[in-house]
Amino acid sequence: MNSVRTRFAPSPTGYLHIGGVRTALFNWLFSRRHGGQFLLRIDDTDQQRNVDAALAPILHGFRWLGIDWDEGPEVDGPFAPYYQSQRLPRYQEAVQKLLAAGLAYRDYATPDELKAERDEAEREKRPFLYSRRWMAESESQAKKFAAEGRQGVVRLKMPREGKVLIKDHIRGDVEFDWAREQDHVVQRADGTCLYHLASVVDDFDFQISHVIRAEEHLSNTPRQVFIAQSLGYPLPEYAHLPYVAEPGSKSKLSKRKLDKYLKNRDFALVNEHGQAIAKALALPISADTFNPVIVDFYEQVGYLPDAIINYLMLLGWSLDDKTEFFTRQQMIENFSLERVTKAPASFDPKKLWAFQDHYMQQLSVDEKVERMLPFLLRAGLIDSPANTDAKALLAKVVTAAGDRLKVAGDILAYADFFFLADDAYPFDAEATSKHLGEKQSVERLGRFRTCLASLDVWDVEALERTMHDFLAAEQIKIGAVIHAIRIAITGKAVGPGLYDCLALLGKTKALARLDRAIRSYG
RNA sequence: GGCCCCGUCGUCUAGCCAGGUCUAGGACACAGGCCUUUCACGCCUGCAACACGGGUUCAAAUCCCGUCGGGGUCACCA
């Protein structure tokens with residue numbers, strides 16, 4: 001009956017952080033590996049106004065990634081509610097128990113008095129430890145302090161000697177001196193309770209067997225152990241994961257330092273690529289919620305959940321010296337805490353990109369079409385999902401584009417010209433001046449147009465033959481003309497094979513586009 | 001600053017616990033080449049690391065000690 005139960009406890013912040021996903025993923029994998037449950041608990045003791053709105057993107061992100069939870073918001077479960085804001089009575093009950101056992105005390109120190117003690121300790125260069133001077137040891141003393149107009153909070157009465165040993169699945173045994181632990185506040189004057197107490201009570205109530213969380217919580221663990229033991233709770237197993245670090249550094253990844261990451265070449269590249277797609281979609285985005293640190297970025301741009309999950313799984317974990325690709329099933333079968341790395345791992349957007357590339361290549365044309373159609377719809381390049389002609393064209397475009405489409409949104413940045421009107425696609429300025437800048441090039445384009453106009457059969461083979469004959473007649477190499485043609489019909493310097501483009505456009509459109517270029521640059 | 005954690009190519013990592021098969025393997029990135037007169041894919045080649053110093057040992061990336069470096073944490077935030 002020792003079921004494995006893990007949890008991830010997001011705060012409703014309005015966005016899902018890539019580092020948070022990694023932590024959640026390891027929790028999820030561990031529970032799945034052992035046939036247990038994974039739960040989501042909402043850490044909203046900070047009572048914000050609109051928890052639902054701030055939580056929605058987070059839940060949505062997990063769903064999108066395929067990280068499902070057995071208990072928590074929207075699915076409930078035997079221990080509902082899973083919101084800390086709704087569990088205050090339980091926390092207060094725990095506080096009473098601590099008080100009654102003499103393991104916590106009411107404290108009436110003012111912030112200024114506390115600060116004075118802290119400053120003094122600093123001046124004397126000794127570690128700060130609260131003097132307990134305003135600790136109320138009896139009811140009458142409490143009344144006396146209150147009569148002075150003081151506000152009472154509840155503090156933990158931490159041991160002032162001895163050591164505590166924390167057994168951690170990743171760190172091994174870690175020892176702390178009790179005497180360095182502060183008498184942390186667990187309940188405010190207004191009766192609300194603080195995170196550490198709430199977290200410990202929740203983990204017990206929800207029967208969490210393994211607390212798997214980021215390493216930044218390791219130094220918080222002694223106080224949590226103290227709370228749990230004081231309350232008579234059995235201790236959960238602990239596993240402190242290395243945190244996810246910034247690109248090219250060992251500092252913790254944080255969405256607040258976006259400006260810094262943008263100086264990283266790879267990060268900037270991935271970001272710009274995404275921004276371009278967002279722009280093509282006219283997404284109402286802000287840098288706050290739309291950047292490569294936030295999961296939503298990847299969904300909007302059209303990454304594949306499998307790519308992200310696979311990449312994240314390998315950030316701080318490995319099976320062996322060569323296996324890189326895992327199906328969900330393989331992940332679950334192979335995951336173990338023992339093989340989690342101890343050192344922090346830098347988030348590398350380029351490597352994520354490489355996984356994305358791989359997984360995209362695994363998709364069939366139909367699967368790609370299914371993912372790209374919504375993008376064309378949203379950009380207004382296709383009027384309706386029921387437009388079968390447009391869908392058929394899309395399938396052909398996707399086939400011709402092949403590996404060039406790295407994310408679903410690339411259909412916009414890369415192949416929009418197929419869907420735009422013959423006079424609406426933009427000409428790339430740099431490419432145009434390079435290949436259509438000279439009169440000679442444009443004249444040659446005109447002659448090539450004449451050759452094409454005489455074609456009865458319009459397919460790749462015929463087009464290739466026409467080109468061959470044209471080159472012979474002109475006595476030139478293909479390089480002298482192919483770029484100009486490409487730009488004329490697509491507006492871009494890069495794209496699928498030229499004959500594919502021509503064939504897919506059809507004779508009428510192709511000729512119209514050549515005419516437009518000749519008119520514009522002749 | 002105190003406490004705690006961590007330290008293998010630029011990055012993710014294998015190897016470390018059970019020392020030799022490690023002139024340290026793989027992947028991403030980067031550089032060059034092939035393919036293709038676009039781009040991308042693919043293929044080939046190259047560049048590139050055991051933080052440093054002492055031990056122990058016939059033998060150390062692996063064990064021990066120290067140093068240095070990086071990070072986390074020290075709230076009436078979570």
Side-chain angles (χ1 to χ4, degrees), chain A residues 9-13 43-46 84 107 109 111 114 118 121-122 125-129 151-155 166 168 170-172 174-177 179-182 184-190 192-196 198-199 214-223 240 242-243 245 247-252 264-266 311 314-325 338-339 341-355 357-358 360-361 401-406 410 414 431 435 477-483 485-487 490 492-498 501:
Chain A
S11 295
T13 51
D43 282 12
D44 58 346
T45 51
D46 235 8
Q84 290 195 327
D107 181 61
L114 239 25
R118 233 181 271 273
E122 191 165 335
K125 294 201 192 311
R126 61 175 162 80
F128 166 71
L129 213 49
Q151 301 251 296
V153 300
V154 177
R155 285 182 184 279
I166 290 163
D168 190 284
I170 295 164
R171 308 283 143 190
V174 184
E175 209 172 49
F176 293 88
D177 282 330
R180 306 219 177 264
E181 294 298 315
Q182 304 296 327
H184 300 278
V185 173
V186 289
Q187 187 176 53
R188 300 186 181 91
D190 66 4
T192 58
C193 294
L194 265 16
Y195 167 76
H196 291 291
S199 187
E215 130 182 46
E216 64 214 65
H217 287 283
L218 185 55
S219 358
N220 296 331
T221 309
R223 86 186 70 157
H240 286 91
Y243 54 87
S249 137
K250 291 293 180 202
S251 302
K252 203 174 109 184
N264 176 286
R265 187 168 153 271
D266 294 342
Y311 168 70
L314 260 11
L315 245 200
W317 184 88
S318 69
L319 176 63
D320 52 31
D321 58 345
K322 36 182 66 80
T323 315
E324 303 179 77
F325 300 111
E338 282 60 43
R339 290 199 61 84
T341 344
K342 290 177 164 187
S346 297
F347 173 62
D348 180 356
K350 263 296 185 61
K351 188 140 189 176
L352 204 193
W353 178 265
F355 276 95
D357 191 4
H358 171 85
M360 202 66 171
Q361 288 189 39
D403 302 327
R404 296 174 182 89
L405 302 170
K406 305 293 186 195
D410 280 341
Y414 195 78
H435 297 289
K477 288 191 172 176
I478 196 167
V481 68
I482 195 167
H483 304 294
I485 302 170
R486 171 183 299 287
I487 293 154
T490 71
K492 299 180 202 291
V494 300
L498 182 68
C501 288

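Values reported hereafter were calculated over all heavy atoms of this structure, with side chains retained and with hydrogens, waters and symmetry mates removed. Residue numbering restarts at 1 for every chain, and letters A, B, ... go by the order of the sequence lines. In this text the structure is predicted, and so the values were computed from the model without any measurement.
Proximity note for A/Val494 (side chain, C-beta onward) versus B/A78, B/C39, B/U37: the nearest is B/C39. Closest approach to the A/Gln361 side chain among B/A78, B/C3, B/C41 is made by B/C41 (side chain taken as heavy atoms from C-beta onward). Side-chain proximity of A/Arg171 to the nucleotides B/G2, B/U73, B/C5 is greatest for B/C5. In the set B/G72, B/G2, B/U13, the nucleotide with an atom closest to the side chain of A/Ala345 is B/U13. Here B/C41 is the nucleotide among B/C41, B/A78, B/C6 with the atom lying nearest to any side-chain atom of A/Asp357. Between B/C5, B/A40, B/G2, one nucleotide has an atom nearer to the side chain of A/Lys406 than all others, and that is B/A40. Of the candidates B/U11, B/U37, B/C76, the closest approach to any side-chain atom of A/Ser346 belongs to B/U11. Checking B/A78, B/C4, B/C76 against every side-chain atom of A/Arg118, the shortest atom distance belongs to B/C76.
Defined by atom type and a distance below 3.5 Å, a donor-acceptor pair is present between the side-chain atoms of A/Arg188 and A/Thr192. A side-chain donor-acceptor contact under 3.5 Å links A/Arg223 and A/His184.
Atom pair A/His483:NE2 and B/U36:P shows a separation of 15 Å (rounding to whole Å applied). Going from atom CD of A/Glu215 over to atom P of B/G70 covers 16 Å, rounded to whole Å. Spacing between atom CG of A/Leu114 and atom C1' of B/A75 amounts to 10 Å, rounded to whole angstrom units. To the nearest angstrom, P of B/U73 lies 5 Å from NZ of A/Lys252. Protein atom CG of A/Asn220 is 12 Å distant from nucleotide atom C1' of B/C3, rounded to whole Å.
Each of A/Arg486 and A/Phe176 has a nearest nucleotide on RNA chain B; the 5'-most of these lies closest to A/Phe176. The residue among A/Gly497 and A/Pro111 whose nearest nucleotide of RNA chain B lies closer to the 5′ end is A/Gly497.
Only the C1' atoms considered, B/A31 is 30 Å distant from B/G70, to the nearest whole Å. Taking atom P in both B/C41 and B/C28, one finds a spacing of 11 Å when rounded to whole Å. Taking the C1' atom of each, B/A14 and B/U62 are spaced 13 Å apart, rounded to whole Å. For the P atom pair drawn from B/A24 and B/G10, the interatomic distance equals 15 Å after rounding to whole Å. Rounded to a whole angstrom, the distance from the C1' atom of B/U56 to that of B/G66 is 15 Å. B/C16 and B/C64 have their P atoms separated by 14 Å, with the value rounded to a whole Å. On the P atoms, B/C4 is 15 Å away from B/C65, given to the nearest whole Å. Taking the C1' atoms as reference points, B/G15 lies 34 Å from B/C34, given to the whole Å.
Within the 4.0 Å cut-off from OP1 or OP2 of B/C77, at least one side-chain nitrogen or oxygen of A/Arg188 is found. The phosphate of B/C6 has OP1 or OP2 within less than 4.0 Å of a side-chain N or O from A/Lys342. Residue A/Lys250 has a polar side-chain atom (N or O) positioned under 4.0 Å from OP1 or OP2 of B/C12. Not one side-chain nitrogen or oxygen of A/Ser219 sits closer than 4.0 Å to the OP1 or OP2 atom of B/C74.
Within the nucleic acid shown, A/Gln187 has no heavy atom closer than 4.0 Å to any nucleic acid atom. Note on A/Val153: a base of the nucleic acid sits closer than 4.0 angstrom, heavy atoms only. Counting non-hydrogen atoms under 4.0 angstrom, A/Gly402 reaches nothing in the nucleic acid.
Below the 3.5 angstrom threshold, one finds a donor paired with an acceptor across the side chain of A/Arg404 and the base of B/C39. Evaluation of atom-type donor-acceptor distances gives a pair under 3.5 Å for the side chain of A/Tyr414 against the base of B/C39. The base of B/A75 has none of its N or O atoms less than 3.5 Å from a complementary donor or acceptor on the side chain of A/His184.
The closest donor-acceptor contact from the side chain of A/Ser249 to the backbone of A/Ala245 lies at 3.5 Å or more, if one exists at all. The main-chain N or O of A/Lys492 is found under 3.5 Å from a side-chain atom of A/Thr490 such that the two form a donor-acceptor pair. A/Asp266 contributes no side-chain N or O that, together with a main-chain N or O of A/Pro349, makes up a donor-acceptor pair within less than 3.5 Å. Of the possible donor and acceptor atoms, one in the side chain of A/Arg339 sits under 3.5 Å from a partner among the backbone N and O of A/Ser318. In this structure, A/Ser346 contributes its side chain and A/Pro247 its backbone to no donor-acceptor pair below 3.5 Å.
Here the CG atom belonging to A/Asp357 is positioned 11.5 Å from the NZ atom belonging to A/Lys350, to the nearest 0.5 angstrom.
Aromatic ring pairs are classed by plane angle as parallel below 30°, tilted from 30° to 60° and perpendicular above 60°; the pair A/Phe325 and A/His358 is parallel.
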Annotated protein contacts, base or backbone, on nucleotides 15-29 of chain B with a non-hydrogen cut-off under 4.0 Å, one of B, S, - each
S---------BSBSS
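Residues A/Pro242 and A/Ala343 share a closest heavy-atom pair of CB-O, 3.4 Å.
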